[in-house]
2 protein chains.
Amino acid sequence: VVKVNSTIEGVKGFQVAGVHCGLKKDGALDFALIVSDVPCVAAGVFTTNQVKAAPVLVDMERIQQNPANMRAVVVNSKCANACTGEQGITNARETARLVAEQIGCGAGDVLVMSTGVIGTQLPMDKIKHGVEVAGDSLGADWSLAARAIMTTDTRPKMASVTVTTPDGQYTVAGIAKGAGMIAPNMATLLSAVVTDAALSPDAAQTALKQAVSVSFNRVVVDGDMSTNDTLLLLANGASGVQADAVQFQDALTAVCTELAQLIVRDGEGVTKFITLTVQGAPSDEAAHQIANAIATSPLVKTAFFGNDANWGRIVAAAGRAGIALQPEAMKLWITPGEAVGRTGEALLLFDNGMPTAYQESQAMAIFKEPSVSILLDCGIGSGSATVWTCDLSHDYVSINGDYRS
Amino acid sequence: VVKVNSTIEGVKGFQVAGVHCGLKKDGALDFALIVSDVPCVAAGVFTTNQVKAAPVLVDMERIQQNPANMRAVVVNSKCANACTGEQGITNARETARLVAEQIGCGAGDVLVMSTGVIGTQLPMDKIKHGVEVAGDSLGADWSLAARAIMTTDTRPKMASVTVTTPDGQYTVAGIAKGAGMIAPNMATLLSAVVTDAALSPDAAQTALKQAVSVSFNRVVVDGDMSTNDTLLLLANGASGVQADAVQFQDALTAVCTELAQLIVRDGEGVTKFITLTVQGAPSDEAAHQIANAIATSPLVKTAFFGNDANWGRIVAAAGRAGIALQPEAMKLWITPGEAVGRTGEALLLFDNGMPTAYQESQAMAIFKEPSVSILLDCGIGSGSATVWTCDLSHDYVSINGDYRS
């Protein structure tokens, strides 16, 4: 088991800043910069939405063309630079160029992330100011950067792992923002993960894709998928340690899983953290499809909010996932806490096509916990998948009914 | 254009009742009976959920085996008789048998529908009482039956059409209940449509499937799909008119469309009725898929609730529908009211990959209307589809957070 820290003590050769450039009101941090002293190998995973924001298009191109010479990541919140046409692309590139000028590197050696409202152009005077202020305040306080990328997040999200090898130690550390629009395929999501281990571009991309498939692609807040979803990995080798593929994968997956779970825990209006495992499905993919159908069901999510152990809605949501099921073969357990799978405390609610003779008071007591684990065994195969999800509350409606006002 | 009435004045050879049998509190109507004086041709369309309620399983079998000799439909609310095992099947059959005994027909000549909470057995003493009381109070007041099948519906739903032919007139009339769980594929939904025209079993089934594809399958409240969705058609021929296929289809589609729209208008917590048309898609199926992605998006639906003309969320939802799109080719208009497609009043919000220079106050004024029409032109083909949907409000969360308590 990898030990994950909730803070970042520093990653060799990286400096960060989180400042106010004027996008958010009341002086709140809205602009982050991560800079490596030396060129980095970079990898990225991006939204599969057909409508991609300008920074996504710019970064996709840069990571493909220039994966071994990256120096910085610049992030603004409050404006997504999505649906902004050619001007948006120009502004994303100009943001990177301003950073390059500030830190002294090639204009193509900087990656850009934006999050916030769709359809407005970046105010470049504020961005220019942000580059200057951030460039002058680079240091080791990752929490400022984590705070600067927040939108409706209520708290900054950080995770780090220290890896010990025969050649010395290295660190894998990441920051993320999430909140709403956390979809089955990639959360809405900006996340930058850095390491001072040395990696090849291919190893970095392979490890990042693998980590995403079991972390960010396993969290569901509302089933939407953003125009801006971006996860970047930068490896600068400053620790002097060449990463072992297996050991690095474990560390990267642990950091990404922690960040993904933090995003669910801090999802818009979330009051309950659900660990949902589907097993006994025809395949792992089928299990994931069933889990996503359950996790995105508004009826299931409002029942979670109401502390209602409404197995009927869970079973009904599974039944419309597009996978052939046998209701008589299904079993459904609930357990307090965050265990994956069945524990001794598990309460069987549904078996043989019918509810069991469980006590409603016992089920309600479990569902009143802030964390609940649900296990659905389809009883017809050996495929399994776990997703992390949450409830749908009044606050979700308030936050998203008013977001632009 | 077919004229649809919001009441049912009577359909030759049919009698109805809506009574209180003891399932709902405070004496509210909870039990409905529709009886034909003579045997009917019957057709049905049912939920595609893998978890099907007992009455669905019973009706599917009966309509397949006995499509020309049906005499009655019996409906209870408050208990769905779903996830009730063999006992549930036995109870559904016994309900039908009690009706058969009451009205004097074969035990297999009665169809059964149930709606309400999943996982509890029908209290057969109350059902028996309901059969007796309803049998004794058969008459022409369809509004009582429409009221008795309601769950979280706030008002009864009825529609009828009178068809004039060279051979005389006939009527097509239906009642429905809806509220939540109104999915892209078949609403949650109980609906019984009757006609005094004469139809063959094949003609009835074909017409019903066609009507569903452009009515109940085009409405989205929350994207869930129920264990109990059932739409039945009974034709008793008592008007003496043999239905012309085209004319009957028009009338049946009009009745089903009206009922489907009534379900959206009275969806759980609904404050806004949205007519959403996608055109210029690669195919009609692709257009429907894009429309469903938009109509089920919680971010889009909460923006509707907030009177927010948030074209960004609409475009982003379209972008994740699984259809290849070109953002630069897309155009999005909004119009007050319920027009399908573009009208002279339409306001263009999005064009050429970017928002237009529309006035936010103008867009907000349209979105404050109780009915808004949205047109998305994908600009890459000739496929189109229209769905009717609604917002996601605080009341939806309240209703579904507490449904069982």
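Residue numbering restarts at 1 for every chain, and letters A, B, ... go by the order of the sequence lines.
Proximity to chain B is limited to the side chain of A/Phe350, based on heavy atoms less than 4.5 angstrom apart. Interface remark: A/Ala80 contributes no atoms to any contact with chain B (heavy atom separation under 4.5 Å). For B/Ala321, no part lies near chain A; criterion is any non-hydrogen pair under 4.5 Å.
Here the shortest heavy-atom pairing between A/Asn76 and A/Ser114 reads OD1-OG, 2.6 Å. For the pair B/Thr227 and B/Val56, the tightest heavy-atom approach, listed with the atom from each and the gap, is O-CG2, 3.7 Å. Between B/Cys378 and B/Val278, the closest heavy-atom pair is SG-CG1, 3.8 Å.
Comment: A/Asp391 does not engage A/Lys301 in a salt bridge, judged by the lack of any side-chain N to carboxylate O separation of less than 4.0 angstrom.
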